[in-house]
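Here's the structure we're looking at; comments come further down.
Throughout, protein chains are lettered first and strands after them, A, B, ... in sequence-line order, and every chain is numbered starting at 1.
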Protein chains: 2
Amino acid sequence: MPATPSPNQNHLLAALPSAEFELLAPHLELVALPLGEMLYEPDRQLQHAYFPTTAIISLLHVMESGASAESAGVGNEGVVGVSLFMGGETTTSSAVVQTAGHAYRLDRRWLMQEFNRSGLLQRLLLRYTQALMTQMSQTAACNRHHSVEQQLCRWLLLTQDRVAQRELVITQELIAGMLGVRREGVTEAAGNLQRAGCISYRRGHIAVLDRAGLESRSCECYALVKKELARLLSDVRYRQEATAAGR
Amino acid sequence: MPATPSPNQNHLLAALPSAEFELLAPHLELVALPLGEMLYEPDRQLQHAYFPTTAIISLLHVMESGASAESAGVGNEGVVGVSLFMGGETTTSSAVVQTAGHAYRLDRRWLMQEFNRSGLLQRLLLRYTQALMTQMSQTAACNRHHSVEQQLCRWLLLTQDRVAQRELVITQELIAGMLGVRREGVTEAAGNLQRAGCISYRRGHIAVLDRAGLESRSCECYALVKKELARLLSDVRYRQEATAAGR
DNA sequence: CTGCGTATGTGCGCTGCCGCACATACAGGC
DNA sequence: GCCTGTATGTGCGGCAGCGCACATACGCAG
């Protein structure tokens with residue numbers, strides 16, 4: 001957790017060659033993202049793409065009934081707002097800050113200009129977008145077939161991968177909203193994990209004690225999504241090793 | 001169902017201006033897709049993109065347990081194999097022919113050449129890909145919150161939109177595989193729909209009798225996905241009105 | 001027409017999750 | 001150090017969907 005935030009904490013930005021990065025750098029704006037902030041919602045025109053460094057954003061769907069479900073999460077491995085360069089401009093989902101932190105944002109016009117000009121940036125963003133699709137479609141299958149406890153494990157692991165910290169700051173209520181289940185269901189599953197020594201928690205804080213334990217209790221979806229993300233971004237070279245090496 | 005298949009039956013191909021289309025046309029190969037054929041599976045390098053005309057393809061995930069679930073379907077409104085131009089080359093899902101029919105296939109090299117050369121084709125394919133993402137993420141939420149009957153209605157409506165025929169040729173067993181539920185669950189839901197006069201079926205054939213009825217029993221996901229697809233491909237102009245006008 | 005393979009119908013007990021209604025206990029602000 | 005809002009624990013009945021075991025019936029191949 002460096003005192004001075006750097007765009008290089010975001011894997012996509014860090015993967016750009018210096019020449020390309022220098023063109024974008026002047027237009028990158030560091031913003032603080034408080035918990036719960038909505039970066040976009042259905043039908044609202046997106047103005048910026050967000051490259052998270054320490055923040056985590058959930059892409060979630062809110063149904064007519066009020067129920068919600070996360071289709072994917074975005075941390076320092078990715079970017080929020082792919083619909084800008086995909087051409088749709090808006091989406092049917094919302095993007096909500098799930099873990100407070102920072103992100104660099106880029107005005108859509110600069111993003112588009114570089115996307116159309118630079119084959120490398122385009123290639124990078126499209127490959128990331130495919131990883132995002134993998135996450136979404138795997139979540140669809142996971143929601144159908146796996147238990148709350150398995151999904152909680154998956155969610156905790158994916159989230160921890162993005163913050164590189166032992167302790168996550170989030171309430172069970174919020175997790176329930178992401179997974180699309182009852183808060184009580186999360187309480188029960190978390191209780192099991194705590195008794196098993198995998199995690200420990202207190203009022204809004206969850207510490208991961210035993211990653212291997214979580215992995216074995218998780219469904220296959222965690223490993224699959226993680227592997228696919230690694231594959232799709234594996235051949236990119238990092239400009240600096242600052243935030244590279246990844247976990 | 002014209003006796004002579006034409007690439008224009010596929011909305012994406014039909015949306016290309018003549019100049020662009022003429023470049024691709026020599027490389028489009030008409031192929032018959034029998035029920036159950038697997039166009040690709042996890043980790044297998046894709047050789048062709050498929051533009052369905054009368055066939056429908058399911059993108060589905062098969063879990064370790066053997067259970068499966070569809071994350072999206074592709075008919076004449078789209079293309080199978082977006083991972084080719086997204087840069088991933090492979091996916092974690094499979095593509096299986098759900099309704100036998102025809103498609104035009106295009107070798108990856110020609111596809112990539114035109115994708116990189118023509119801004120219009122690129123724009124078209126990327127916008128379609130965003131529609132596909134909408135379908136995937138909506139399916140994730142739908143799988144979490146909606147009943148088997150609601151999902152069956154959604155599935156029937158989406159499928160019928162793609163074939164423009166009253167009668168679908170598919171067994172309840174296969175539908176169950178797509179939705180990721182038990183075959184008996186589909187039998188029960190289909191029985192309800194039949195008693196309500198929305199559909200009628202016999203051994204592998206389902207006829208839609210009352211679309212409005214299905215829509216009212218369906219979850220919001222059907223209308224949302226359909227609307228978003230229409231929006232994303234609305235500004236494209238069709239070269240010929242043959243297959244345009246949409247349903 | 002007959003037979004067989006396959007598609008559909010139906011009934012069972014079981015389980016995981018829901019919706020609700022609380023009880024408890026933590027943590028920051030005064 | 002107390003108070004209060006909020007986070008977590010727990011127990012209930014209910015139900016949708018599961019897994020299994022069959023019964024039935026359609027329709028094509030012979």
Side-chain angles (χ1 to χ4, degrees), chain A residues 35-36 63 65-69 98-100 140-156 167-196 199-207 217-219, chain B residues 35-36 63 65-69 98-100 140-156 167-196 199-207 217-219:
Chain A
L35 181 65
M63 325 294 288
S65 67
S68 64
Q98 169 208 110
T99 297
C142 189
N143 279 351
R144 173 57 81 209
H145 295 294
H146 298 143
S147 70
V148 170
E149 183 174 317
Q150 287 177 308
Q151 295 190 50
L152 176 59
C153 291
R154 163 178 67 83
W155 192 91
L156 287 172
E167 190 169 283
L168 313 177
V169 181
I170 190 159
T171 64
Q172 297 182 1
E173 178 93 46
L174 282 179
I175 295 179
M178 309 286 172
L179 297 185
V181 300
R182 284 186 318 156
R183 193 265 312 162
E184 294 91 324
V186 174
T187 298
E188 194 183 336
N192 291 341
L193 295 179
Q194 176 151 265
R195 274 186 291 280
I199 63 174
S200 83
Y201 61 91
R202 55 177 182 94
R203 244 187 127 70
H205 299 252
I206 304 184
R217 285 163 176 266
S218 165
C219 48
Chain B
L35 181 65
M63 325 294 290
S65 67
S68 64
Q98 168 209 109
T99 298
C142 190
N143 279 350
R144 173 57 82 207
H145 295 294
H146 297 143
S147 71
V148 170
E149 183 175 316
Q150 287 178 308
Q151 295 188 50
L152 176 60
C153 291
R154 162 177 69 83
W155 192 92
L156 287 172
E167 190 168 284
L168 312 176
V169 180
I170 190 160
T171 65
Q172 298 182 0
E173 178 93 45
L174 282 180
I175 294 179
M178 310 286 171
L179 297 184
V181 300
R182 283 185 320 156
R183 193 265 312 161
E184 294 92 324
V186 174
T187 299
E188 194 183 335
N192 291 340
L193 295 179
Q194 176 151 265
R195 274 186 290 281
I199 63 174
S200 82
Y201 61 91
R202 57 179 180 94
R203 244 185 128 71
H205 299 253
I206 304 185
R217 285 163 175 267
S218 165
C219 47

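Pairs passing the salt bridge (charged side-chain N to carboxylate O under 4.0 Å, His left out) check and including a residue from residues 141-151 of chain B, sequence neighbours excluded, read B:Glu149-B:Arg217.
Scored by the side-chain hydrogen bond (donor to acceptor under 3.5 Å, both in side chains) test, B:Gln172 finds B:Thr187 as partners (sequence neighbours excluded).
For DNA chain D, the neighbouring residues in residues 146-153 of chain B, judged by any heavy atom under 4.0 Å, are B:Ser147, B:Val148.
Distance, B:Glu173 CD to D:dG19 C1': 14 Å, rounded to whole Å. In this structure, B:His145 places its NE2 atom 14 Å from P of C:dC17, rounding to the nearest Å. In this structure, B:Gln194 atom CD and C:dT8 atom C1' are separated by 11 Å, rounded to whole Å. Taking atom CG of A:Asn143 as the reference point, atom C1' of D:dG17 lies 16 Å away to the nearest angstrom. In this entry the distance linking CG of B:Leu35 with C1' of C:dA7 reads 14 Å, nearest Å. Taking atom CZ of B:Arg144 as the reference point, atom P of D:dA16 lies 17 Å away to the nearest angstrom.
The two residues A:Ser68 and A:Gly177 come nearest to each other via the heavy atoms OG-O, 2.9 Å. Across all non-hydrogen atoms, the minimal contact from A:Ala190 to A:Ile199 is O-CD1, 3.8 Å. Minimum interatomic distance between A:Arg154 and A:Cys142 (heavy atoms only, all atoms of both residues): NE-SG, 3.3 Å. Of all the heavy atoms in B:Leu152 and B:Val186, the pair that sits closest is CD2-O, 4.3 Å.
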Contacts under 3.5 Å, N or O only, protein and nucleotides 10-14 of chain C:
none

query = Does the side chain to side chain contact (heavy atoms under 4.5 Å, CB included) test come out yes or no for A:Arg202 and A:Glu167, once each step is laid out?
reply = CA-CA 11 Å; A:Arg202 55 177 182 94; A:Glu167 190 169 283; 3.6 Å; yes
request  = Carefully, step by step, assess B:His146 and A:Met63 under the rule side chain to side chain contact (heavy atoms under 4.5 Å, CB included).
outcome  = CA-CA 10 Å; B:His146 297 143; A:Met63 325 294 288; 2.9 Å; yes
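Side-chain contact between B:Val169 and B:Leu35 is absent, with no heavy atoms from C-beta onward closer than 4.5 Å. Between B:Leu168 and B:Thr99, the closest side-chain pair of non-hydrogen atoms is not below 4.5 Å. By the 4.5 Å heavy-atom criterion applied to side chains, A:His145 and A:Gln150 are not counted as neighbours.
Ion pairing between a basic and an acidic side chain is recognised when a charged N comes within 4.0 Å of a carboxylate O; A:Glu188 and A:Arg182 show no such pairing.
A:Gly185 comes within contact range of no nucleotide atom at all, as no heavy-atom separation falls under 4.0 Å.
Atom CD1 of B:Ile170 and atom NE2 of B:His205 lie 11.5 Å apart (nearest 0.5 Å). How far CH2 of A:Trp155 is from CG of A:Leu179: 7.5 Å, rounded to the nearest 0.5 Å.
Residue B:Tyr201 has no polar side-chain atom (N or O) positioned under 4.0 Å from OP1 or OP2 of D:dC26. Side-chain N/O atoms of A:Gln172 include none lying less than 4.0 angstrom from OP1 or OP2 on D:dT6.
Over its full length, the helix from C:dC1-D:dG30 to C:dC30-D:dG1 turns its helical axis through 30°, comparing axes from the five pairs at each end and rounding to 10°.
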request  = Let me have a per-nucleotide readout for nucleotides 25-30 of chain C, 5' to 3', with B, S or -, counting only protein heavy atoms under 4.0 Å.
outcome  = BBS---
